[in-house]
Amino acid sequence: MICRSGAAKDGIRGFTLLELLVAMAIFGIIGVMALGGLNAVLGQQEISRRQLQRLQQVQHAVRIISGDFTQLNPRIVRDPLGTESEPPLMAECRPEGMVCLSRDGWRNPFWRQPRGTLQRVRYRLEDEAIVREYWTAMDVTLSNEPRRETLLDGVTEFRVEYLDSQGEVQSSWPPGAAGLADGQLPRGVSITIELADWGEIVRTLEVAG
(Lines give C-alpha, C1' and ligand atoms only; values in the text may rest on other atoms or scores of the structure.)
Protein backbone atom coordinates (compact mmCIF):
# COMPACT_ATOMS: atom_id res chain seq x y z
CA MET A 1 0.00 0.00 0.00
CA ILE A 2 1.38 3.32 -1.00
CA CYS A 3 0.53 6.50 0.98
CA ARG A 4 1.08 9.93 -0.36
CA SER A 5 2.49 12.40 2.07
CA GLY A 6 0.33 15.18 0.73
CA ALA A 7 -2.87 13.23 1.30
CA ALA A 8 -2.62 13.52 5.12
CA LYS A 9 -2.73 17.22 4.83
CA ASP A 10 -5.79 17.32 2.64
CA GLY A 11 -8.54 19.51 4.18
CA ILE A 12 -6.18 21.21 6.68
CA ARG A 13 -6.02 24.94 6.15
CA GLY A 14 -3.86 27.45 8.05
CA PHE A 15 -4.39 31.19 8.73
CA THR A 16 -3.43 33.57 6.06
CA LEU A 17 -1.28 36.60 6.80
CA LEU A 18 -4.27 38.90 6.30
CA GLU A 19 -6.36 36.99 8.84
CA LEU A 20 -3.54 37.14 11.39
CA LEU A 21 -3.22 40.89 10.90
CA VAL A 22 -6.99 41.36 11.30
CA ALA A 23 -7.00 39.25 14.49
CA MET A 24 -4.06 41.17 15.91
CA ALA A 25 -5.78 44.46 15.12
CA ILE A 26 -8.97 43.32 16.88
CA PHE A 27 -7.05 42.20 19.95
CA GLY A 28 -5.14 45.49 19.92
CA ILE A 29 -8.38 47.50 19.84
CA ILE A 30 -9.83 45.41 22.68
CA GLY A 31 -6.62 45.93 24.69
CA VAL A 32 -6.69 49.69 24.15
CA MET A 33 -10.35 49.85 25.20
CA ALA A 34 -9.64 47.76 28.31
CA LEU A 35 -6.65 49.95 29.20
CA GLY A 36 -8.75 53.09 28.74
CA GLY A 37 -11.43 51.68 31.02
CA LEU A 38 -8.85 50.74 33.64
CA ASN A 39 -7.31 54.21 33.50
CA ALA A 40 -10.78 55.76 33.88
CA VAL A 41 -11.48 53.62 36.94
CA LEU A 42 -8.10 54.46 38.49
CA GLY A 43 -8.67 58.15 37.72
CA GLN A 44 -12.05 58.08 39.44
CA GLN A 45 -10.51 56.33 42.44
CA GLU A 46 -7.85 59.04 42.70
CA ILE A 47 -10.48 61.80 42.44
CA SER A 48 -12.57 60.09 45.13
CA ARG A 49 -9.50 59.74 47.35
CA ARG A 50 -8.63 63.44 47.01
CA GLN A 51 -12.23 64.48 47.64
CA LEU A 52 -12.35 62.30 50.75
CA GLN A 53 -9.12 63.83 52.03
CA ARG A 54 -10.52 67.30 51.36
CA LEU A 55 -13.74 66.45 53.17
CA GLN A 56 -11.80 65.23 56.19
CA GLN A 57 -9.69 68.41 56.18
CA VAL A 58 -12.79 70.63 56.02
CA GLN A 59 -14.57 68.65 58.75
CA HIS A 60 -11.50 68.83 60.99
CA ALA A 61 -11.17 72.60 60.53
CA VAL A 62 -14.87 73.28 61.12
CA ARG A 63 -14.86 71.07 64.22
CA ILE A 64 -11.86 72.88 65.73
CA ILE A 65 -13.22 76.36 64.94
CA SER A 66 -16.69 75.48 66.23
CA GLY A 67 -15.23 74.08 69.45
CA ASP A 68 -13.27 77.28 70.08
CA PHE A 69 -16.24 79.58 69.66
CA THR A 70 -18.83 77.47 71.46
CA GLN A 71 -16.53 77.26 74.50
CA LEU A 72 -15.69 80.95 74.78
CA ASN A 73 -14.67 82.00 78.28
CA PRO A 74 -14.96 85.57 79.69
CA ARG A 75 -11.35 85.54 80.94
CA ILE A 76 -9.67 88.92 80.29
CA VAL A 77 -5.95 88.70 79.50
CA ARG A 78 -2.98 91.04 79.60
CA ASP A 79 -1.30 92.19 76.40
CA PRO A 80 2.28 91.00 75.69
CA LEU A 81 3.73 94.14 77.31
CA GLY A 82 1.64 93.66 80.43
CA THR A 83 0.40 97.27 80.34
CA GLU A 84 -3.18 96.82 79.08
CA SER A 85 -5.96 94.29 79.15
CA GLU A 86 -7.43 92.48 76.16
CA PRO A 87 -11.04 91.27 76.06
CA PRO A 88 -11.76 87.54 75.94
CA LEU A 89 -12.94 87.92 72.35
CA MET A 90 -11.40 90.52 70.08
CA ALA A 91 -11.57 90.92 66.32
CA GLU A 92 -8.50 92.23 64.47
CA CYS A 93 -6.27 91.45 67.43
CA ARG A 94 -2.52 91.88 67.53
CA PRO A 95 -0.56 92.02 64.28
CA GLU A 96 -2.33 90.24 61.41
CA GLY A 97 -4.75 88.41 63.69
CA MET A 98 -8.35 88.11 62.50
CA VAL A 99 -9.70 87.19 65.90
CA CYS A 100 -8.30 86.30 69.35
CA LEU A 101 -10.35 84.45 71.92
CA SER A 102 -10.22 82.85 75.34
CA ARG A 103 -11.71 79.37 75.43
CA ASP A 104 -12.43 76.76 78.05
CA GLY A 105 -12.29 73.01 77.81
CA TRP A 106 -8.62 72.57 76.85
CA ARG A 107 -8.14 68.98 77.90
CA ASN A 108 -5.33 68.19 80.31
CA PRO A 109 -5.84 64.50 81.23
CA PHE A 110 -4.69 63.74 84.76
CA TRP A 111 -3.06 67.19 84.82
CA ARG A 112 -0.05 65.87 82.98
CA GLN A 113 0.95 69.34 81.77
CA PRO A 114 1.72 72.29 84.09
CA ARG A 115 -1.17 74.38 82.76
CA GLY A 116 -4.86 75.02 83.22
CA THR A 117 -7.78 74.19 80.96
CA LEU A 118 -8.14 77.71 79.53
CA GLN A 119 -6.48 78.54 76.23
CA ARG A 120 -5.75 81.74 74.34
CA VAL A 121 -6.23 81.29 70.59
CA ARG A 122 -5.62 83.46 67.55
CA TYR A 123 -6.88 82.88 64.01
CA ARG A 124 -5.19 84.23 60.91
CA LEU A 125 -5.83 84.03 57.17
CA GLU A 126 -2.39 83.55 55.68
CA ASP A 127 -1.64 82.69 52.02
CA GLU A 128 -5.23 81.50 51.48
CA ALA A 129 -5.05 79.24 54.52
CA ILE A 130 -6.70 79.41 57.95
CA VAL A 131 -3.97 79.27 60.57
CA ARG A 132 -4.78 78.58 64.23
CA GLU A 133 -2.27 79.70 66.85
CA TYR A 134 -2.43 79.13 70.60
CA TRP A 135 -0.35 79.88 73.66
CA THR A 136 0.41 77.64 76.61
CA ALA A 137 -0.32 80.54 78.99
CA MET A 138 -3.33 82.85 78.99
CA ASP A 139 -1.36 86.04 79.71
CA VAL A 140 0.98 86.13 76.74
CA THR A 141 4.50 87.51 77.02
CA LEU A 142 6.92 88.57 74.31
CA SER A 143 9.03 85.47 74.94
CA ASN A 144 6.07 83.10 74.75
CA GLU A 145 5.82 82.15 71.08
CA PRO A 146 2.53 80.64 69.90
CA ARG A 147 2.19 77.15 68.52
CA ARG A 148 0.53 77.04 65.13
CA GLU A 149 -1.42 74.69 62.91
CA THR A 150 -2.66 75.20 59.34
CA LEU A 151 -6.26 74.06 59.55
CA LEU A 152 -7.50 74.56 56.00
CA ASP A 153 -6.01 75.70 52.70
CA GLY A 154 -7.62 76.96 49.52
CA VAL A 155 -9.57 79.59 51.51
CA THR A 156 -10.49 82.80 49.69
CA GLU A 157 -12.46 84.34 52.58
CA PHE A 158 -12.78 83.76 56.32
CA ARG A 159 -15.31 85.94 58.11
CA VAL A 160 -16.78 85.98 61.61
CA GLU A 161 -19.90 87.94 62.58
CA TYR A 162 -21.22 88.38 66.12
CA LEU A 163 -24.74 88.53 67.58
CA ASP A 164 -24.87 91.01 70.47
CA SER A 165 -27.21 91.05 73.46
CA GLN A 166 -29.72 93.22 71.54
CA GLY A 167 -29.96 90.70 68.72
CA GLU A 168 -27.96 92.89 66.34
CA VAL A 169 -25.29 91.43 64.07
CA GLN A 170 -21.88 93.04 64.51
CA SER A 171 -19.00 92.74 62.05
CA SER A 172 -16.44 93.39 64.80
CA TRP A 173 -16.07 92.63 68.51
CA PRO A 174 -16.29 93.99 71.15
CA PRO A 175 -18.99 96.40 69.97
CA GLY A 176 -18.07 99.12 72.49
CA ALA A 177 -15.88 100.15 75.38
CA ALA A 178 -18.03 98.19 77.84
CA GLY A 179 -16.97 94.94 76.22
CA LEU A 180 -13.36 95.71 77.00
CA ALA A 181 -14.07 96.25 80.67
CA ASP A 182 -16.41 93.43 81.63
CA GLY A 183 -15.48 90.59 79.30
CA GLN A 184 -18.75 90.76 77.39
CA LEU A 185 -19.34 87.85 75.02
CA PRO A 186 -21.76 87.65 72.09
CA ARG A 187 -24.85 85.48 72.19
CA GLY A 188 -23.76 83.73 69.03
CA VAL A 189 -21.36 83.85 66.11
CA SER A 190 -21.68 83.19 62.39
CA ILE A 191 -18.61 81.81 60.66
CA THR A 192 -18.26 82.00 56.88
CA ILE A 193 -15.53 80.13 55.01
CA GLU A 194 -15.25 80.58 51.25
CA LEU A 195 -13.33 77.78 49.53
CA ALA A 196 -11.91 78.02 46.04
CA ASP A 197 -13.08 74.48 45.21
CA TRP A 198 -16.22 73.94 47.31
CA GLY A 199 -17.74 77.38 47.59
CA GLU A 200 -19.21 78.85 50.78
CA ILE A 201 -19.55 77.11 54.15
CA VAL A 202 -21.54 78.86 56.90
CA ARG A 203 -21.84 77.77 60.50
CA THR A 204 -24.01 79.58 63.06
CA LEU A 205 -23.05 78.81 66.66
CA GLU A 206 -24.54 79.58 70.05
CA VAL A 207 -22.03 80.79 72.61
CA ALA A 208 -22.13 79.05 75.97
CA GLY A 209 -23.11 81.10 78.99
If the condition is side chain to side chain donor-acceptor pair (under 3.5 Å), which residues does Glu92 pass it with, not counting sequence neighbours?
none
To which residues is Val169 joined in a hydrophobic cluster, defined by side-chain heavy-atom contacts under 4.5 Å among Ile, Leu, Val, Met, Phe, Trp and Tyr, whether direct or through other members?
Leu163
Residues in side chain to side chain contact (heavy atoms under 4.5 Å, CB included) contact with Ser172, at least two apart in sequence or another chain
Ala91
Would you say that Glu206 contacts Thr70 through its side chain, given a criterion of any heavy-atom pair below 4.5 Å between the two side chains?
no
Taking side chain to side chain donor-acceptor pair (under 3.5 Å) as the definition, give me every residue that meets it alongside Gln170, ordered by chain and number, with sequence neighbours left out.
Asp164
Student check: side-chain heavy atoms of Pro88 and Leu185 closer than 4.5 Å:
yes
Grouping I, L, V, M, F, W and Y whenever their side-chain heavy atoms are under 4.5 Å apart, do Leu205 and Leu152 come out in a common cluster?
yes
Between OG on residue Ser190 and CZ on residue Arg159, distance to nearest 0.5 Å
7.5 Å
Restricting to side chain to side chain donor-acceptor pair (under 3.5 Å), what partner residues turn up for Glu145, sequence neighbours left out?
none
When Ile, Leu, Val, Met, Phe, Trp and Tyr are grouped by side-chain heavy atoms lying under 4.5 Å apart, directly or through other members, which residues fall in the same group as Met33?
Ile29
Applying side chain to side chain contact (heavy atoms under 4.5 Å, CB included), run through Leu125 and Ile130 and close with a yes or a no.
CA-CA 5 Å; Leu125 185 59; Ile130 296 177; 4.3 Å; yes
Approximate separation, where rounding is to 0.5 Å, of Cys93 SG and Arg122 CZ:
6.5 Å
Which salt bridge (Lys or Arg N to Asp or Glu O under 4.0 Å) pairs, counting each pair once, include a residue from residues 60-71, with sequence neighbours left out?
Asp68-Arg103, Asp68-Arg132
Val62 reachable from Val131 in the ILVMFWY side-chain graph, under 4.5 Å edges:
no
Considering residues at least two apart in sequence or located in another chain, which fulfil the salt bridge (Lys or Arg N to Asp or Glu O under 4.0 Å) criterion with Glu194?
none
When rounded to the nearest 0.5 angstrom, what distance separates CD in Gln119 from CG in Asp104?
10.5 Å
What verdict does the side chain to side chain contact (heavy atoms under 4.5 Å, CB included) test give for Val121 and Phe69, after you've listed the backbone C-alpha separation in whole Å, the side-chain angles of each residue and the deciding distance to 0.1 Å?
CA-CA 10 Å; Val121 178; Phe69 281 94; over 6 Å; no
Would you say Ile193 and Ile65 make side-chain contact, with heavy atoms under 4.5 Å?
yes
Asp139: side chain to side chain contact (heavy atoms under 4.5 Å, CB included) partners, not counting sequence neighbours:
Arg75, Val77, Arg78
Quick one: salt bridge (Lys or Arg N to Asp or Glu O under 4.0 Å) pairs with a partner in residues 44-60, sequence neighbours left out?
Glu46-Arg49, Glu46-Arg50, Arg54-Asp153, Arg54-Asp197
Applying ring-ring contact (aromatic ring centres under 6.0 Å, His included), which residue pairs with at least one partner in residues 121-163 are found, sequence neighbours left out?
Trp106-Tyr134, Tyr162-Trp173
More than 12 foreign heavy atoms under 6.0 Å from CD of Glu149: is that the case here?
yes
Of all residues at least two apart in sequence or in a different chain, which pass the salt bridge (Lys or Arg N to Asp or Glu O under 4.0 Å) check with Arg187?
none
As an exercise, state the distance from CG of Leu101 to CD of Gln71, rounded to the nearest 0.5 Å.
10.5 Å
Between Val155 and Trp198, is there shared hydrophobic-cluster membership here, with clusters defined by ILVMFWY side-chain heavy atoms closer than 4.5 Å?
yes
Using 0.5 Å steps for rounding, measure from the OG1 atom of Thr192 to the CD1 atom of Ile201.
10.0 Å
Are side-chain heavy atoms of Pro87 and Gln184 found at a separation under 4.5 Å?
no
Atom pair CG (Leu195) and CD (Glu128), whose distance is rounded to the nearest 0.5 Å
10.5 Å
